Amino acid sequence: MSIKVDHISKLYGTQKALNEVSLEVKKGEIVGLLGPNGAGKTTLMRILTCFLPPSSGNASVCGFDIIEKPIQVRGKVGYLPENNPLYTDMYVKEYLEFVSGIYHLGSKTKARIAEMIDITGLQSEQTKKIGALSKGYRQRVGLAQALIHDPEVLILDEPTSGLDPNQIIEIRELIKKVGKEKTVLLSTHIMQEVEAICHRAIIIDLGKIIADDLTANLSANFSGKNIITVEFNTDVDPELIRTIQHITLVRNIHDKLWEITTDKDHDIRNEIFRFAVDHNISVLSMQKEEKSMEDVFHALTKK
């Protein structure tokens, strides 16, 4: 198991930022950590990267205990904090050499820097000072420093925050690329980001995990029903449509367009096609409605 969190709590005075949080992340997963501001996401990430001690509970990364083996944990983790602190007076290659020295890469330094510059697309910016870079390229430098020591686990706190749409797409593709070989835990407020790159989503609110499932399952299971929109080529009697098994509701949207509802355990699209054939009707279009991650997040965290 790449990340294991066992009943972690964190108190700031009397305020409980995390409350008995437990989770596991397997090798090769890209997991999105979601939650409103102040939910406890950043606190959890800082605990996993050994920047903060938990008030109670325990956690391990790649089998190393965060309390007993913090140096070994840091060697296994690449961390990109939300504010991406960089030495802006340093040149890109100079900064990566500095980070390489921290990780004692020795003779591997030159090759690793060249590889990181290539992977993160910094070729055209490598001789510039960090302070002269756009925010998108600064994020790339932050990812390069997080990857320089070839960690098994990447922990990314709001990696696309403040970027323009093109930069967001570029950073997402980069995360997906490196995520093929590493475990990635990332926090974000962008629901489309989770749908685009994450295998699984964990939603945390008021210091507690309130949902943890595959992204596809969260959307499907949340609604508790299937809603299918179908357009026929002719007028159809609603009572005739209700003869299809497992239908709980039939509603005419407009003219020949119908909304058909079943419970979540019954996807009746095949039955609709058979119904159409049996009654010499053509299906012009059919679409199954899916709840977005934004819908799920809003419903679970709204006060």
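Position 1 is the first residue of the sequence; numbering continues from there. Source: prediction; values computed, not measured.
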Q: Charged N to carboxylate O under 4.0 angstrom, Asp267 versus Lys288?
A: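 Result for this pair is yes, salt bridge flagged.
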
Q: Would you please name every residue forming a side-chain hydrogen bond (donor to acceptor under 3.5 Å, both in side chains) with Glu259, sequence neighbours left out?
A: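 Applying side-chain hydrogen bond (donor to acceptor under 3.5 Å, both in side chains) to Glu259 gives Arg251.
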
Q: Would you say the side chain of Val250 lies within less than 4.5 Å of the side chain of Glu239, judging by non-hydrogen atoms?
A: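 Glu239 does not reach Val250 side chain to side chain.
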
Q: Between Thr234 and Ser282, is there a side-chain heavy-atom distance shorter than 4.5 Å?
A: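 Ser282 vs Thr234: side chains apart.
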
Q: Less than 3.5 Å apart, which donor and acceptor atoms pair up between the side chains of residues 114-121 and the rest of the protein, not counting sequence neighbours?
A:
residue: Glu115; atom: OE1; partner: Arg112; partner atom: NH1; Å: 2.9
residue: Asp118; atom: OD1; partner: Gln123; partner atom: NE2; Å: 3.1
residue: Thr120; atom: OG1; partner: Met116; partner atom: O; Å: 2.5

Q: Quick check: are there more than 12 heavy atoms from other residues, nucleotides or ligands sitting under 6.0 Å from CG of Asp255?
A: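 Correct, the count exceeds 12.
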
Q: Tell me, do Trp258 and Ile228 make a side-chain contact under 4.5 Å, heavy atoms counted?
A: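 In short, these two side chains do not touch, never coming nearer than 4.5 Å.
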
Q: Has Lys93 got its NZ or CZ under 6.0 Å from the middle of the six-membered ring of Tyr95, at an angle within 45 degrees of the ring axis?
A: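 Checked: cation-pi criterion not met.
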
Q: Can you tell me how far the CD1 atom of Ile171 sits from the CG atom of Leu156, to the nearest 0.5 Å?
A: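 Between Ile171 CD1 and Leu156 CG, I get 10.0 Å after rounding to 0.5 Å.
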
Q: Atom CD in Glu231, atom CG in Leu284: separation rounded to 0.5 Å?
A: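 Nearest 0.5 Å value for the CD-CG distance: 5.0 Å.
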
Q: Indicate yes or no: at least one non-hydrogen side-chain atom of Val61 is less than 4.5 angstrom from one of Ser2.
A: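 SC-SC contact between Val61 and Ser2 ruled out.
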
Q: Under 6.0 Å from the ring centre and within 45 degrees of the ring axis: does the NZ or CZ of Lys129 meet both conditions for the six-membered ring of Tyr91?
A: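 Flagged: Lys129 positioned over aromatic ring of Tyr91.
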
Q: Indicate yes or no: does Glu158 engage Lys41 in a salt bridge with an N to O separation below 4.0 Å.
A: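 No, this pair does not count.
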
Q: At their closest point, which heavy atom of Gly40 faces which heavy atom of Leu18, and how far apart are they?
A: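 Heavy atoms only, the tightest pair is O-CD2, 3.4 Å.
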
Q: How close do Val31 and Cys198 get, counting heavy atoms only, and between which atoms?
A: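 Closest pair (atom of Val31, atom of Cys198, distance): C-SG, 4.0 Å.
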
Q: Quick check: is Val184 connected to Ile155 through a chain of hydrophobic side chains (ILVMFWY, heavy atoms under 4.5 Å apart)?
A: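 The answer is no; the residues belong to distinct hydrophobic clusters.
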
Q: For residues Asn37 and His189, is any side-chain donor paired with an opposing acceptor at under 3.5 Å?
A: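 The answer is yes; a qualifying pair exists.
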
Q: Checking side-chain hydrogen bond (donor to acceptor under 3.5 Å, both in side chains) between Glu152 and each of Lys182, Lys76, Lys27, which is the one that passes?
A: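 So the option named by the test is Lys76.
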
Q: Quick one: does Asp212's side chain have a donor or acceptor within less than 3.5 Å of a partner on Ile203's backbone?
A: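 No; judged by distance alone, with no hydrogens or angles, the pair does not exist.
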
Q: Do the ring planes of Phe51 and Tyr79 sit parallel (below 30°), tilted (30 to 60°) or perpendicular (above 60°)?
A: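 The rings of Phe51 and Tyr79 sit tilted, inter-plane angle from 30° to 60°.
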
Q: Are Val194 and Ile210 connected, step by step, through hydrophobic side chains (Ile, Leu, Val, Met, Phe, Trp, Tyr) whose heavy atoms are closer than 4.5 Å?
A: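 Same cluster: Val194 reaches Ile210 through Ile, Leu, Val, Met, Phe, Trp or Tyr contacts under 4.5 Å.
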
Q: Which of these, Leu147, Ile30, Thr183, Leu186, sits in a side chain to side chain contact (heavy atoms under 4.5 Å, CB included) with Leu154?
A: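 Only match with Leu154 under side chain to side chain contact (heavy atoms under 4.5 Å, CB included): Leu147.
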
Q: About how many Å separate CG of Leu44 and CG of Leu48, when rounded to the nearest 0.5 Å?
A: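 The CG atom of Leu48 sits 4.5 Å away from the CG atom of Leu44.
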
Q: Is there a donor-acceptor contact under 3.5 Å from the side chain of Ser55 to the main chain of Leu11?
A: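 Here the side-chain-to-backbone pair exists.
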
Q: Answer yes when Glu29 and Lys26 have at least one side-chain N-carboxylate O distance shorter than 4.0 Å, and no when they do not.
A: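 Salt bridge: no.
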
Q: Go through the steps for Asp213 and Arg200 under the test salt bridge (Lys or Arg N to Asp or Glu O under 4.0 Å), then give the verdict.
A: CA-CA 6 Å; Asp213 207 339; Arg200 179 174 145 218; over 6 Å; no

Q: Is the number of heavy atoms from other residues, nucleotides or ligands within 6.0 Å of NZ (Lys4) greater than 12?
A: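 No.
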
Q: May I ask whether Ile175 and Leu33 are part of the same hydrophobic cluster, defined by side-chain heavy atoms of I, L, V, M, F, W, Y residues being less than 4.5 angstrom apart, directly or through others?
A: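 In one cluster with Ile175: Leu33, no.
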
Q: Under 4.5 Å between side-chain heavy atoms, hopping through other hydrophobics if needed: is there a path connecting Phe232 to Ile253?
A: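 No, Phe232 does not connect to Ile253 through the hydrophobic network.
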
Q: Between Asp157 and Ser187, do the side chains contain an N or O donor and an N or O acceptor separated by less than 3.5 Å?
A: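 Their side chains do contain a donor-acceptor pair, which is all the 3.5 Å distance test asks for.
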
Q: State whether the side chain of Ser22 and the backbone N or O of His7 hold a donor-acceptor pair below 3.5 Å, judged by distance alone.
A: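 Flag set: sc Ser22 to bb His7 pair under 3.5 Å.
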
Q: Please list, chain by chain and in numerical order, all residues satisfying salt bridge (charged side-chain N to carboxylate O under 4.0 Å, His left out) with Lys108, sequence neighbours excluded.
A: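 If we apply the salt bridge (charged side-chain N to carboxylate O under 4.0 Å, His left out) test to Lys108, skipping adjacent residues, there are no hits.
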
Q: Tell me whether Leu23 is reachable from Val73 by hopping between hydrophobic residues (I, L, V, M, F, W, Y) whose side-chain heavy atoms are closer than 4.5 Å.
A: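 Looking at the clustering, Leu23 is in the same group as Val73.
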
Q: Would you give the length of the straight line joining atom CG of Leu34 to atom CD of Glu193, rounded to the nearest 0.5 angstrom?
A: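 That separation rounds to 10.0 Å.
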
Q: Less than 4.5 Å apart, any side-chain heavy atom of Leu80 and any of Gln139?
A: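 A side-chain contact exists here, since the closest heavy-atom pair is under 4.5 Å.
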
Q: Does Glu24 use its side chain to pair, donor to acceptor, with the backbone of Ile3 at less than 3.5 Å?
A: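 A pair under 3.5 Å: no.
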
Q: Would you call Lys10 and Pro53 a side-chain contact if the rule is heavy atoms closer than 4.5 Å?
A: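 Result yes, sub-4.5 Å side-chain heavy-atom pair found.
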
Q: What are the two closest heavy atoms between His149 and Val77, and how far apart are they?
A: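 Between these two residues, the closest heavy atoms are NE2-O, 2.9 Å.
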
Q: To the nearest 0.5 Å, what is the distance between OG1 (Thr301) and CD1 (Ile204)?
A: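 Answer for the OG1-CD1 pair, Thr301 versus Ile204, is 12.0 Å.
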
Q: Mind checking the OG1-NE2 spacing from Thr109 to His104? Nearest 0.5 Å is all I need.
A: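 Those atoms lie 11.0 Å apart.
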
Q: Report yes or no: does Glu181 contribute a side-chain atom to a donor-acceptor pair with the main-chain N or O of Val178 at less than 3.5 Å?
A: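 Not confirmed, Glu181 side chain does not pair with Val178 backbone.
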
Q: Determine whether a donor-acceptor pair (N or O, by modelled atom type, separation under 3.5 Å) exists between the side chain of Glu173 and the backbone of Glu170.
A: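 Checking the backbone N and O of Glu170 against the side chain of Glu173, no donor-acceptor pair under 3.5 Å is found.
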
Q: Can you find a pair of side-chain heavy atoms, one from Thr261 and one from Ile247, that are under 4.5 Å apart?
A: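 No; the side chains remain at least 4.5 Å from each other.
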
Q: With a 4.5 Å limit on heavy-atom distance, are the side chains of Lys256 and Asp235 in contact?
A: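 They are in side-chain contact.
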
Q: Check whether Arg74 reaches the backbone of Cys50 with its side chain - one donor and one acceptor, N or O, closer than 3.5 Å.
A: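 Checking the backbone N and O of Cys50 against the side chain of Arg74, a donor-acceptor pair under 3.5 Å is found.
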
